[in-house]
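Written out below as structure tokens is the structure these notes cover.
To find a chain, count down the sequence lines: A is the first, B the second, and so on, and within it residues start at 1.
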2 protein chains.
Amino acid sequence: MPRDTLTREQIVKAAIDLLDEEGLEGMNMRALGKRLGSAATAVYWHVGSKDNLITLAGDEVWHQIALPDLATIDWRTAATQMATDLHAMLTRHSWLVQAFGSYMIFGPGKARHDDHGYAIYEAAGFTGAQVDQAAATVFTFVLGNALVPAAAASFTRKLGRDGGNAEALMHESMAKAHEIAAQFPRLRARLDTAAEYAAAPDNTFQFGLQAILDGLEAQLSAPSTPSEQNPRRADRHYHEPSATPLTTP
Amino acid sequence: MPRDTLTREQIVKAAIDLLDEEGLEGMNMRALGKRLGSAATAVYWHVGSKDNLITLAGDEVWHQIALPDLATIDWRTAATQMATDLHAMLTRHSWLVQAFGSYMIFGPGKARHDDHGYAIYEAAGFTGAQVDQAAATVFTFVLGNALVPAAAASFTRKLGRDGGNAEALMHESMAKAHEIAAQFPRLRARLDTAAEYAAAPDNTFQFGLQAILDGLEAQLSAPSTPSEQNPRRADRHYHEPSATPLTTP
DNA sequence: GTCCCACTTGAACACAGTGCAAGTCGCGAA
DNA sequence: TTCGCGACTTGCACTGTGTTCAAGTGGGAC
């Protein structure tokens, strides 16, 4: 019988739990060690570094996403399902979105997800580079959608760690935001209806997702050279980004 | 004549420069102090904390985005222009995307941008909550789009800081990714055409943006109850996210 | 029994954010 | 002209965090 020893899987799982509870900046090796009932430095023997551990944890969670069977459902339902699952997963593990900005997360879990994503857009009828572009469009939308809630969660936790009265700090922060928003007509108008918005269920994600799938569907039925991008619309609206960096005095 | 002293604007500008060069994790107060020719702690008198400084810097850069005149151009061109400008800005300041996941960035700069964004989608004909949803869809897409390049930049810098031979480490990392990708049919197929892809200009962003605007345009012409969301399509494809968290043994 | 090796541990180092007390400098008042 | 005040600056030091390293430690193979 081997000694009761740490395993890599066990560590990754504990890291995910800790990240869920404390966020990316709240997770540290000593806390992880305590959670595992061992010295913080014992972890290093198994995963090498904190960066690597986060990369490992950041790949593991992709396995939570179900891969819809393209033989039994149409591509659009499949795309909706995968995007919705991804959205839910990113909501559960909001640290992942933050990690995505700092680490190159690509392992078996994400590869499995990406591969099936490509399958969906191939099934839809896209060809060549358009498969990648369609998949990337939906993927980046879901990712971006999770970014602001992630910031909110991170911010709330930070307030909680600082003083005991997170309530007051949050209120102060909200008040400052309101003050700024009040100086812009359309933002001001939204302040008045903010309560109404808060009461309604937030279907912004589904609205955006379905609009994007509408757009992709339109692209499919539009006559275009196969196996090559259709640059017509993009050209019609092409715009060279205004180069307005800060002036250095 | 007042003593040659630090100003908040000067500090924010220096912070932006430092963030551009060193990234979010490379930026620290002592380096900032050195760049400003003063002690690191002098900065604290002006901005209070590092978090606050990053919030300040993260708002300042939004002023680089031009606000198209809706009286002279159609909404779709305006939307394209603003999204493209934002994309370029986020590419210039890739740390901002990372900061967006950890800080609540909302100041005059972002408010100015958001306000004009709403104006565009109001001009397009959206009403009620749909204005917000349309704006959020495009916004989150652009944000998500900037996330992966931000990670790549961050990763590259990290390699550069670690050993001297960033080249070898990068190569090793790429090789590992290839090895994983090779186990999935569609990813494997893309490995073969990777060189071809790299040669072509990356118009993924414009493809996605135009597809999204197509979808929004379709939403406009679709018959729906005004001043209320149109839940029909979303309902037809509605999918309760699969709850498949990690099983705790 | 004993040797080995996978694994663990505690001390220690470097570096980053930041509070604090002690300056320093220019300007307005006396 | 001098005084002092208040706006800034500085160096020190404390804490928390990632990580290294040399020294264990315990179970299994021989």
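A:Ala39 comes within 4.0 angstrom of the backbone, heavy atoms only, and of no base. The residue A:Ser38 sits close only to the backbone: its heavy atoms come under 4.0 Å of sugar-phosphate atoms, none of a base.
As rounded to whole Å, 6 Å separates atom C1' of D:dC8 from atom CH2 of B:Trp45. Nucleotide C:dA6 holds its C1' atom 9 Å from the NE2 atom of A:His46, rounded to whole Å. What separates OH of B:Tyr44 from P of C:dG19 is a distance of 7 Å, to the nearest Å. Computed from coordinates, the B:Leu53 CG to C:dG17 P distance equals 10 Å when rounded to whole Å. Summarising the geometry, the separation between CZ on B:Arg8 and P on D:dT9 is reported as 14 Å, rounded to the nearest angstrom. One can place CE of A:Met27 at 18 Å from P of D:dG16, the figure rounded to the nearest angstrom. Rounded to an integer number of Å, the gap from CG of A:Leu6 to C1' of D:dT25 is 15 Å. Whole-Å rounding puts the B:Met29 CE to D:dT9 P distance at 13 Å.
In this structure, A:Val43 and A:Arg30 both approach DNA chain C, and ranking their closest nucleotides by distance from the 5' end singles out A:Val43. Where B:Ala42 and A:Glu25 each meet DNA chain D at their nearest nucleotide, the meeting point lying more 5' is that of B:Ala42.
A salt bridge does not link B:Glu22 with B:Arg35: none of the charged nitrogens is closer than 4.0 Å to a carboxylate oxygen.
Between A:His113 and A:Phe139, the angle of the ring planes lies from 30° to 60°, which puts this pair in the tilted group.
The side chain of B:Thr41 contributes no N or O atom lying less than 4.0 Å from OP1 or OP2 of D:dG11.
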For the pair B:Gln10 and B:His46, evaluate side chain to side chain donor-acceptor pair (under 3.5 Å) and give the outcome as yes or no after the intermediate values.
CA-CA 10 Å; B:Gln10 186 190 155; B:His46 296 272; over 6 Å; no
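B:Ser154 contributes no side-chain N or O that, together with a main-chain N or O of B:Ala150, makes up a donor-acceptor pair within less than 3.5 Å.
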